[in-house]
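The structure under discussion appears below in the form of structure tokens.
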Amino acid sequence: MYLTKEEERIFNGDLGWASQKCMRILVRLGELFDATRLIPISSAHVSGVSYKTLGDAPAEYLKALANAGAKVKVRSTLNPQGFDAEYLGKRLGEDIRKKQSDILEQFDKMGFAPSLTCTPYYLKKPKRDSHLAWAESSAVVYANSVLGARTNREGGPSALAAAIIGKTPDYGIHKVENRRPGALVDVATPLRNESELGALGILLGEILEDEIPIIRGLTGATLDQFKQLGAALASTGMVSMFQLEHEKILRKKEKMQEISVESRDIQKIIERLSTTSTTRPDLVFLGCPHCSISELKNIARLTDGRKVKAGTEFWVCTSRCVKEMAKDYVGTIEKSGAHVLADVCTIVSWTEAFGIETIMTNSAKTAYYAPSLNKAQTVLVPQNRCLEAALRG
Ligand code: F3S
């Protein structure tokens, strides 16, 4: 792999251990995927921020980097942590709170923005064709497919290394020729809501492996629904982007896999992701991926004047930045007794410690992961059914 003189100096340790370590991670990754050079990125986004998913050893590594003087070279943001300070943090032990704040302190020393969200594109939208190094798979699919930016699905360590160096190896989806679709998906049934779009993502992720699909039959779907589709697609497969049939299609591969999706395929996925049929879940959860302003507006309209049922937790997760921008909607939602939580989500939090055994959600990604990561039974239904279960009046 070709390195500039400056990159070589970093590689050889002339600028210190931290940047040498990061440069070596990027070069090793580049060599694995036959990259010929590093390219500058406009932003990095690091996942694995919650102490629940990170654990102790990676936290020590962060500390070593921060103590060695590592500093980000580009705008760099962070995925959600394990709790929000205002509500869930108060219900967790001092030990967990301390470990989580130690992790954030290291990121802070390195210059990361404390965004704590999986939707960094709502804070600052990346430019079309700009190169990024993002590690949250739902955000990667959204950035590539909806925003037209270019990012591989980074792991936490490679996104961190890219943030410190300000560059990433030039391979995979950064290159135009690797963004060509290889599968044509015909959705033969109109999808009615965000949960069905998510179920489509789960199904396609399982079939496609890393093949990019062109999807036909999704006219009328909203950006928030595409967010659900992408998050689910990345949960079961290695796909990093999709295209829609009415877009200007990048040149296709010679051989296209053809997939037809019927209503019964979608219903089967929804049934599989619903491990219980309860209508009185312990937790009703909206906001995976984190809510946009328009989603909060819609939830506020539907919660206005109503109250959360006794014995039910109702969480709506979003970023701190969006929460601030949508203060009035947040006020209306919280008046109902729901909690609009920033910095966190159900999957990366300690729901078991709060006695949550059943979760109802409109997110296929949460329904897919919660049985293993939260040891909870799940019900996947659209937002209106979530609200019916959460609210009275
Ligand atoms: Fe975001 Fe958590 Fe879902 S990080 S994509 S809300 S699992």
Side-chain angles (χ1 to χ4, degrees), residues 45-54 77-84 87-88 100 103-104 107 114-123 134-146 151 153-156 159 194-195 197-199 201-202 205 223-237 239-240 273 283-292 295-296 299 313-323 339-352 356 359-376 378 380 383 386:
H45 180 78
V46 168
S47 62
V49 174
S50 167
Y51 174 61
K52 177 186 163 188
T53 51
L54 194 66
T77 46
L78 297 172
N79 237 21
Q81 62 167 347
F83 53 83
D84 68 309
Y87 182 57
L88 300 180
Q100 183 66 75
I103 289 168
L104 286 195
F107 280 122
S115 55
L116 303 175
T117 181
C118 49
T119 53
Y121 42 85
Y122 293 147
L123 281 52
W134 284 12
E136 161 56 43
S137 63
S138 67
V140 166
V141 178
Y142 196 88
N144 284 318
S145 316
V146 177
T151 173
R153 282 176 64 161
E154 301 292 343
E194 72 284 7
S195 303
L197 266 286
I202 296 285
L223 293 184
D224 290 323
Q225 290 175 337
F226 288 138
K227 183 173 68 170
Q228 291 294 334
L229 167 68
L233 189 63
S235 300
T236 49
V239 188
S240 345
L273 293 180
L283 170 66
V284 176
F285 167 50
L286 303 174
C288 170
H290 276 176
C291 282
S292 62
E295 286 173 305
L296 290 179
I299 298 168
E313 292 263 356
F314 181 16
W315 300 353
V316 179
C317 287
T318 187
S319 61
R320 191 156 292 279
C321 173
V322 167
K323 186 173 174 179
H339 297 276
V340 179
L341 307 179
D343 309 337
V344 67
C345 81
T346 295
I347 293 295
V348 299
S349 188
W350 287 268
T351 48
E352 286 168 274
I356 290 167
I359 300 173
M360 180 180 279
T361 181
N362 64 344
S363 158
K365 177 171 179 175
T366 288
Y368 180 77
Y369 282 115
S372 54
L373 297 181
N374 301 77
K375 306 279 175 292
T378 49
L380 175 63
Q383 177 180 283
C386 287

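Just so you know, ligand 1 is whichever comes first in the structure, and atom 1 is the first atom listed for that ligand. The figures here come from the full heavy-atom set of this structure, side chains too, leaving out hydrogens, waters and symmetry mates.
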> So, T351 versus N374: side-chain donor-acceptor pair below 3.5 Å or not?
Replying inline: yes
> Does the shortest distance from atom 3 (Fe) of ligand 1 to an N/O/S atom of C345 fall below 2.8 Å?
Replying inline: no
>> With rounding to the nearest 0.5 angstrom, report the OH to CG distance, Y368 to L373.
In response: 10.0 Å
>> Using a 4.0 Å cutoff against the non-hydrogen atoms of K365, which atoms of ligand 1 qualify?
In response: 5 (S), 7 (S)
> Using 30° and 60° as the class limits, which term best fits the ring planes of Y87 and H339: parallel, tilted or perpendicular?
Replying inline: parallel
> Taking only heavy atoms of I347, which atoms of ligand 1 are found under 4.0 Å from at least one of them?
Replying inline: 7 (S)
>> With side chain to side chain contact (heavy atoms under 4.5 Å, CB included) as the test, pick out the partner of S195 among N362, T361, L273.
In response: N362
>> Heavy-atom contact check, 4.0 Å cutoff: does P80 meet ligand 1?
In response: yes
>> Can a donor-acceptor pair be found, under 3.5 Å and without considering hydrogens, that links the side chain of Q100 to the backbone of G82?
In response: yes
>> Could you tell me, atom by atom, which parts of ligand 1 come under 4.0 Å of a heavy atom of C118?
In response: 1 (Fe), 4 (S), 5 (S), 6 (S)
> Parallel, tilted or perpendicular: which describes the rings of W134 and Y121, with under 30° parallel and over 60° perpendicular?
Replying inline: parallel
> OG/S47 to CG/L54 distance, rounded to the nearest 0.5 angstrom?
Replying inline: 9.5 Å
> Quick one: does A139 get within less than 4.0 Å of ligand 1, heavy atoms only?
Replying inline: no
> Which ligand 1 atoms are under 4.0 Å away from a heavy-atom of C288?
Replying inline: 3 (Fe), 5 (S), 6 (S), 7 (S)
>> Below 4.0 Å from ligand 1: does a non-hydrogen atom of S138 turn up there or not?
In response: yes
>> Please list, in number order, the atoms of ligand 1 under 4.0 Å from a heavy atom of E136.
In response: 5 (S)
>> Show me which atoms of ligand 1 lie under 4.0 Å from any heavy atom of G287.
In response: 6 (S)
